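Here is the structure we will look at, set down as structure tokens.
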Amino acid sequence: MKKTATLIVDGKSYELPVMVGTDGNRAIDISRLRKETGLITYDPGFGNTGSCTSSISYMDGEKGILRYRGIPIERLAEHSSFIETAFLLITGELPTKEELSDFSAMLNDHSLVHEDMRHFFERYPRGAHPMGILSSMVNALRAFYPEIPERSEEAEINKAFARLLSKLRTMAAMSYRISKGMPVVYPSYFLSYCANFLNMMFDSAVRPYVIDEDMVSALNVFWILHADHEQNCSTSAVRLVGSARVNLYAAISTGISALWGPLHGGANQAVVEMLQEIYDRGGDPAPFVARAKDKNDPFRLMGFGHSIYKNYDPRGRIMKKMCYRILEKRDFNDPLLDIAMKLEETALRDSYFIDNKLYPNIDFYSGMFLRAIGIPLDMFTVMFAIGRLPGWISQWKESREDPRGKLCRPRQVYSGPGKRDYIPIPERKPKEVNGRRLYPQSVEKTFETKYRSSASYL
Ligand code: SDX
């Protein structure tokens with residue numbers, strides 16, 4: 001196979017190096033393109049652009065493959081724990097028994113949150129979305145804990161990672177309890193990472209939470225499935241912001257904000273809201289499928305389609321099985337699950353979904369799973385964030401250690417007005433676009449009458 005690609009521009013040909021990945025995937029290295037040709041590439045959404053080389057996770061979208069550090073997701077879901085998988089992602093290797101127990105002990109040591117932070121939660125506007133709270137609180141951690149200077153000792157860096165992994169889980173439970181006016185439950189030395197989370201969420205002085213090992217192992221699998229996923233939107237946000245050498249907490253806070261979007265991690269909440277709407281309207285998914293196919297309708301079938309998977313999302317298969325198992329165990333007959341099944345069947349028979357290779361993704365079933373274990377709807381994406389944290393940390397670490405690592409600064413194709421003069425304000429005429437003024441008169445007038453004259457300012 002040729003090691004270069006030939007580009008011909010204005011009759012001149014250029015040889016561009018071709019890189020080959022571990023599994024044979026190839027990429028044209030265009031890092032010298034502008035210098036040699038004066039041209040840039042154009043790829044909105046970066047669907048055809050590799051931003052880095054990475055050895056953390058590997059996906060084959062056509063075959064529906066996902067591996068973490070080379071290990072198939074199915075094997076990790078069957079045999080590993082979330083903490084062991086986090087260790088694998090961050091260090092590159094599975095831990096020995098001793099390494100795993102040291103790592104768990106370190107997570108335990110850092111599981112408490114500074115007591116002053118409780119005031120942040122208590123004073124945060126009630127009804128705020130937990131993802132907004134989480135993103136703010138993670139950024140606030142920088143005020144309590146030192147950042148990782150450029151030349152940090154490995155031990156210092158690992159402590160910061162353990163601190164974040166443990167405290168994010170504690171803060172998630174804390175924000176839920178405080179938002180409901182319930183007393184905060186502290187992490188217990190005697191419980192594992194996942195059992196601790198369930199206990200911090202649901203324990204009560206009047207009805208002690210009974211740890212159900214099936215729930216704990218299902219939550220381990222849920223978080224393993226979410227732990228990393230190549231250069232997805234939120235991971236790319238962490239890498240891009242991290243490239244400016246901001247502190248770890250600020251970079252992770254950006255990842256949480258990106259994950260919040262309904263097209264990304266927010267889809268697990270949006271799927272359940274969509275299924276609930278189908279249920280409320282009588283349970284027939286056909287009108288929703290029709291809307292999803294209508295190019296004039298911005299509606300998307302939540303939980304369907306994927307930027308990379310043009311096959312069934314391997315994580316979705318595992319999630320679907322787990323969902324059934326938990327619902328059966330809890331003897332919980334969720335009407336939304338029946339609707340989800342009907343919707344999946346309808347869509348997978350429809351040529352629009354078949355032709356566009358739109359299959360259920362991880363979010364399609366994860367919402368039903370979270371409902372089955374009692375997680376409130378607005379905490380669904382927080383659960384995704386806790387799972388994705390080891391991935392964000394490992395990607396942040398890898399980009400920071402990359403000798404070719406540079407400040408991320410994409411280019412653009414300019415499509416605005418050509419050079420024009422500055423017009424003095426008396427000579428300017430109001431502009432109309434599609435018959436409407438650029439800045440509607442009514443808003444200016446309202447502003448004048450409503451705010452300038454009254455004493456109350458927002
Ligand atoms: C996650 O990147 C990751 O790895 C993300 C993630 C992770 O672990 O980090 O896997 C987590 O974000 C999963 C995705 C969750 N989002 C949703 O379920 C929201 C619904 N899905 C879509 O909005 C959509 O599928 C995207 C955003 C996920 C992908 O959109 P793309 O890249 O446009 O998908 P595509 O190129 O395969 O689409 C082909 C066609 C397009 O139509 P045309 O523009 O060619 O006319 O299918 C259409 C799309 O508009 N299409 C859909 C659709 N998804 C794509 N039409 C209706 N419903 C959908 N869900």
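Quick caveat: nothing in here was measured; it's all calculated off a predicted structure. Residue numbers run from 1 in the order of the sequence given. When a ligand or atom number is given, it counts from 1 through the structure's own listing order.
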**Study point:** Lys/Arg N to Asp/Glu carboxylate O, Glu398 vs Arg239, below 4.0 Å
**Key:** yes
Point to revise | Aromatic ring proximity, centroids under 6.0 angstrom, Tyr359 and Tyr309 | key: no
Exercise for review: Sort and list the pairs that fulfil side chain to side chain donor-acceptor pair (under 3.5 Å) and have at least one residue in residues 19-30, not counting sequence neighbours.
Suggested key: Asp23-Arg67, Asn25-Tyr58, Asp29-Ser31
Review point. So does Arg371 pair up with Asp334, basic N to acidic O under 4.0 Å?
Key: yes
List, pair by pair, the atoms of ligand 1 and of the protein that are both N or O and lie under 3.5 Å apart, giving the separation rounded to 0.1 Å.
residue  : atom   : partner : partner atom : Å
ligand 1 : 4 (O)  : His229  : ND1          : 2.6
ligand 1 : 4 (O)  : His306  : NE2          : 3.3
ligand 1 : 8 (O)  : His229  : ND1          : 3.2
ligand 1 : 8 (O)  : Arg315  : NH1          : 2.7
ligand 1 : 8 (O)  : Arg388  : NH2          : 2.7
ligand 1 : 9 (O)  : Arg388  : NH1          : 2.8
ligand 1 : 9 (O)  : Arg388  : NH2          : 3.4
ligand 1 : 10 (O) : His229  : ND1          : 3.4
ligand 1 : 10 (O) : His306  : NE2          : 2.6
ligand 1 : 10 (O) : Arg315  : NH2          : 2.9
ligand 1 : 12 (O) : His264  : O            : 3.4
ligand 1 : 12 (O) : His264  : ND1          : 3.0
ligand 1 : 16 (N) : Leu263  : O            : 3.0
ligand 1 : 18 (O) : Gly303  : N            : 2.8
ligand 1 : 18 (O) : Asn361  : ND2          : 3.0
ligand 1 : 21 (N) : Phe304  : O            : 2.8
ligand 1 : 25 (O) : Phe304  : O            : 3.3
ligand 1 : 37 (O) : Lys310  : NZ           : 2.7
ligand 1 : 42 (O) : Lys295  : NZ           : 3.2
ligand 1 : 46 (O) : Lys295  : NZ           : 3.1
ligand 1 : 50 (O) : Arg300  : NH2          : 2.9
ligand 1 : 56 (N) : Tyr352  : OH           : 2.9
ligand 1 : 58 (N) : Leu301  : N            : 3.1
ligand 1 : 60 (N) : Leu301  : O            : 2.9
ligand 1 : 60 (N) : Phe304  : O            : 2.9

Exercise for review: Verify the ring-centre separation between Trp392 and Phe161: is it less than 6.0 angstrom?
Suggested key: no
**Study point:** Lys/Arg N to Asp/Glu carboxylate O, Glu344 vs Lys320, below 4.0 Å
**Key:** yes
